[in-house]
Amino acid sequence: MAQIVAAAGVPHTPVFPALARGGTEQGHDIAARYRAVETVVAGSDADVVVILSCDHINTFFLDAWPTFAVVGADRVRGPNDEVPGVSAVELRVAGKLGAQLHERLVLQEFDPVLSRAATVDHSIVVPLHFLNPHGVPIVPVYINGMVGPLPTAHRCRRLGAAVRRALEDLPARRVAVVASGSFSLDVGSPRIDPDRMYGVPAPEWAATAVSHLRHGRLDRLSQEATAEQIAAAGSVSGEILPWIVMAEICRDLSVSVMDHREGEGHAFAAWQ
Amino acid sequence: MSVHEINRLCYRASHDPEYLAALRAEPGRQLALLDLEPEERRELLSGDVLALYHRGVHPVLLVRLGTHRLLGLTPELYARRITADRDAPPPS
């Protein structure tokens, strides 16, 4: 039986790796915030990292857009989009475990796409850049947080429970679970800031989501994370859905890091 | 289906370097190859990203016209044009 030994959630802003290396005060701050989470993930001695994310229409295209997908390849290449200062490399995937997870989800009446060959974008690469420096094998799991209709938050909780049961049913592994994304973030729509290509339209919603996560209020979080609330929080704010899946998977763990600052649309968090 | 073609154009521009170069060099010729309405073609050639957003082009794809400096756009110009209607509702 596999064991969930740690969980985490972080943003995946593409400039963060370059910023963290840049030697500025802001860069040191970003690096320290990721390091606090990495300490928990690395300290768990996990031998596989399940990373939950939303593809930003890079891995998949709208010709055939999955609500859920699991990668069961032996490796993936990424980033397939621009992450300043981070070159595309091969990332090791626990492909057999990914395929087993897919099978057990289907048996529980979830029907994710099984991807046998994939590239991955910044939403996978940036969190792993900071949290998985030693290249522990990963299993990418995608949740549609980009293209309506999104899966409901309640369904994402049920997916989290199904993933947890599936992992517990698999041979002994030490599993860390990482959610990637923000709670309020807009890219490309009229709600970006006028002087840059993104914005945080609903920081108060991000603070509410953080509070619910901090106190384990998953019922309230999933009740309040409606399609309307997510749409109002920005064009990529469906990235809260991987966090909800992660929170349900690790519901028996205790929060050890919850780093959110007023006005931000994201958080750096860990459970163990 | 035309909006899907525009979404595809944005996707290809960010994942196919040859297509990106062709779109930069000969935007009119490349757009002529697509099954677009005349008004959609005009909006693309003039970089009218707000009109394209209102048509339903996905913002995560549309923004790539600005980041890749296509169709006369720059990141700054994209941001200025798309925020001209801050009260536009999110796409359903």
Side-chain angles (χ1 to χ4, degrees), chain A residues 14-15 54-65 77-84 88 118-123 144-150 181-182 184-199 201-202 226-239, chain B residues 1-20 34-36 43-44 47-71 73-92:
Chain A
V15 299
C54 303
D55 175 41
H56 291 54
I57 320 181
N58 289 307
T59 295
F60 305 101
F61 181 62
L62 307 175
D63 286 347
W65 182 255
R77 187 171 178 81
N80 59 18
D81 58 349
E82 191 174 358
V83 179
T119 60
V120 297
D121 70 12
H122 68 278
S123 71
N144 172 26
M146 290 290 142
V147 183
L150 307 183
S182 295
S184 175
L185 182 63
D186 196 282
V187 176
S189 98
R191 283 162 300 145
I192 64 173
D193 294 343
D195 57 347
R196 53 187 186 180
M197 302 289 263
Y198 66 95
T226 60
E228 293 76 17
Q229 174 61 78
I230 289 172
S235 60
V236 299
S237 296
E239 291 172 356
Chain B
M1 284 305 290
S2 302
V3 168
H4 189 65
E5 284 298 291
I6 300 171
N7 279 327
R8 189 194 308 280
L9 175 153
C10 298
Y11 176 85
R12 285 189 69 192
S14 57
H15 288 282
D16 181 344
E18 289 184 15
Y19 187 67
L20 175 63
L34 303 180
D35 184 15
L36 301 173
E43 289 164 3
L44 279 164
D48 189 348
V49 290
L50 186 57
L52 293 165
Y53 173 80
H54 284 310
R55 284 188 183 278
V57 178
H58 197 291
V60 167
L61 292 167
L62 185 62
V63 74
R64 300 176 194 184
L65 299 181
T67 54
H68 290 290
R69 298 174 181 271
L70 291 166
L71 304 167
L73 294 164
T74 63
E76 297 76 18
L77 186 55
Y78 180 96
R80 199 157 60 240
R81 287 184 178 173
I82 200 77
T83 56
D85 183 7
R86 300 275 291 168
D87 297 326
S92 55

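Here is the naming used below: chain letters follow the sequence lines, and residue numbers restart at 1 for every chain. Everything numeric in this text was worked out from a predicted model, so none of it was measured.
- Looking only at atom types and distance, the side chain of Asn7(B) has no donor-acceptor partner in the side chain of His58(B) under 3.5 Å away.
- Relative ring orientation between Phe60(A) and Trp65(A) is described as perpendicular, the plane-to-plane angle rising above 60° on a 0-90° scale split at 30° and 60°.
- The most heavy-atom pairs under 4.5 Å with chain B, out of Ile57(A), Val187(A), Asp186(A), come from Ile57(A).
- Within the model, atoms CD of Glu5(B) and SG of Cys10(B) stand 11.5 Å from one another, a figure rounded to the nearest 0.5 Å.
- Heavy-atom distances place no part of Leu65(B) under 4.5 Å from chain A, backbone and side chain included.
- In this structure, chain A has a heavy atom under 4.5 Å from the side chain of Arg64(B), while its backbone stays farther away.
- Contact of Val236(A) with chain B is made through the side chain alone, with heavy-atom distances under 4.5 Å.
- Heavy atoms of Asn58(A) lying under 4.5 Å from chain B belong to its backbone as well as its side chain.
- Per-residue counts of heavy-atom pairs under 4.5 Å with chain B were compared for Asp195(A), Ile192(A), Val147(A); the largest is that of Ile192(A).
- Per-residue heavy-atom pair counts under 4.5 Å with chain A were compared for Arg81(B), Arg8(B), Glu76(B), and the maximum is reached by Arg8(B).
- Atoms CG and NE2, from Asp63(A) and His4(B) in turn, are 4.0 Å apart once rounded to the nearest 0.5 Å.
- For the pairing with Leu34(B), the side chain to side chain contact (heavy atoms under 4.5 Å, CB included) check across Ile6(B), Leu9(B), Leu44(B) returns one residue only, Leu9(B).
- Atom OH of Tyr198(A) is surrounded by 12 or fewer heavy atoms from other residues, nucleotides or ligands within 6.0 Å.
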